[in-house]
Number of protein chains: 2
Amino acid sequence: MPTELRRPERTFSIRQLCTEFKATPRALRFYEDKGLLTPARDGMNRVYSYKDRARLILILRGKRVGLSLQEIREILELYGEEDEVMVQNAHSLKKFREKIVDLEQQREDIDGAISELRTACERLEKHLADKRPDLLPKAADYDQMLRARLDGHAEPVAAK
Amino acid sequence: MPTELRRPERTFSIRQLCTEFKATPRALRFYEDKGLLTPARDGMNRVYSYKDRARLILILRGKRVGLSLQEIREILELYGEEDEVMVQNAHSLKKFREKIVDLEQQREDIDGAISELRTACERLEKHLADKRPDLLPKAADYDQMLRARLDGHAEPVAAK
DNA sequence: GCGAGCCTTGACGTTGACGTAAAGGGCATA
DNA sequence: TATGCCCTTTACGTCAACGTCAAGGCTCGC
């Protein structure tokens, strides 16, 4: 086989995906149990396709925004059946619309929480600066941490 | 007593707060157990002050953005002790900063999720328009629903 | 041929955030 | 005085989302 087995038909082992996304095998199997993933098999072993990987990305992001696995599954199912016996999909549509409203609400909540945390931080900082200036951490550290996180995250986690 | 016992010193029963914020008595007692609320007592009964109510609002919002009760408690504690024996608060500061980064990440996730859900909705709508136009819900309904939610929400839930 | 290291399938344990049922007290209205 | 309705505490149950063994199979390298 030639060296070019790059993007298109690549497959992944469970461990590859796990280290790539900082998940655990147990979690991936659990998602499979719940019908969110259905990787192929090579004998006994799971073989994940690029599509599976894409689904996993969606799953993880869904989780981060607070969707239940159940909700995530419903969304994912939409991207497959496309033209199945869908009569009750009017129901799905309604639920999705509601979820959008929820998420917009959540966005506001987050903005609020962020500004509150910022305030709390400022107060703490001032307090510390007054009484225990020795304990003040370097601001630069956080700049660095922030940058580090903003690169990686949902997209492949720095697979070293 | 005069009819004006409005804003300042008002107190609330557990049920009042529950119906106002769509919580359950069990939940409020649970928060108390965990040290997030400490309402006064009238004999055996809990009496919530305006400050307690404010804390409750923060608790509920914290929950909506995915904070654990533990984390929420730490934030709330900051708004009271102000100048206690705080040496390890440098640690809190660090944790809050990290949480801010988390939340900013989460905001991005939500934006992504929203646009994905919108796409999903559009596809579903088109599909339905094609095959089962009879099932299409009226768009106006959602305008209404959206408005209804954007008024109420974290602030008092329409206490009818 | 055998240990290391990957994988598999059960099956039970855990944690957080409550739900739910039991047993009782306090006040009001019929 | 009895019937509700609200409150209380104590205690056990539940649900999601895994974690954590246990027991076993494949395959590589030596």
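Not measured: the values here are computed from a predicted model. Proteins get letters first, then strands, A, B, ... in listed order; numbering begins at 1 in each.
Rounded to the nearest 0.5 Å, atoms CD (B/Q105) and CZ (A/R61) are 10.0 Å apart.
Atom pair A/F30:CZ and C/dG10:C1' shows a separation of 15 Å (rounding to whole Å applied). Residue A/D42 contributes atom CG, which lies 11 Å from atom C1' of C/dC7 at whole-angstrom precision. If you measure from atom CG of B/L37 to atom P of C/dC18, you get 12 Å, rounded to the nearest angstrom. One atom, CG of A/D33, and another, C1' of D/dA17, lie 12 Å apart when rounded to the nearest Å. Computed from coordinates, the A/E71 CD to D/dA17 C1' distance equals 14 Å when rounded to whole Å. Spacing between atom CG of A/L36 and atom C1' of D/dA17 amounts to 12 Å, rounded to whole angstrom units. Between the CD atom of A/Q70 and the P atom of D/dC18 there is a distance of 14 Å, rounded to whole Å. Computed from coordinates, the A/N45 CG to D/dC26 C1' distance equals 8 Å when rounded to whole Å.
Using a 4.0 Å cut-off, some side-chain N or O of A/Y31 falls inside it from OP1 or OP2 of D/dC18. Residue B/R41 places at least one side-chain N or O under 4.0 Å from the OP1 or OP2 atom of D/dT9. Look at A/T24 and you'll find a side-chain N or O under 4.0 angstrom from OP1 or OP2 of D/dG19. The phosphate of D/dT20 (OP1 or OP2) has no side-chain N or O of A/R26 nearer than 4.0 angstrom. Contact annotation: B/R46 does not reach the phosphate of D/dC7 (side-chain N/O to OP1 or OP2, under 4.0 Å).
For the pair B/P25 and A/L28, both in contact range of DNA chain D, the more 5′-proximal nearest nucleotide belongs to B/P25.
The residue A/K63 sits close only to the backbone: its heavy atoms come under 4.0 Å of sugar-phosphate atoms, none of a base. Contact annotation for B/R29: base contact, defined as any heavy-atom pair under 4.0 Å involving a base atom.
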A/Y31 vs A/K63, side-chain contact (heavy atoms from CB on, under 4.5 Å): CA-CA, chis, key distance, verdict: CA-CA 12 Å; A/Y31 301 152; A/K63 286 199 48 185; 3.5 Å; yes
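Across every non-hydrogen atom of B/R73 and B/K34, the tightest pair is CD-O, 3.2 Å.
Tested against B/I75, the residues B/L67, B/I59, B/L58 include a single side-chain contact (heavy atoms from CB on, under 4.5 Å) partner, B/L67.
Judged purely by atom type and a 3.5 angstrom limit, A/E74 has no side-chain atom pairing as donor or acceptor with the backbone of A/E71.
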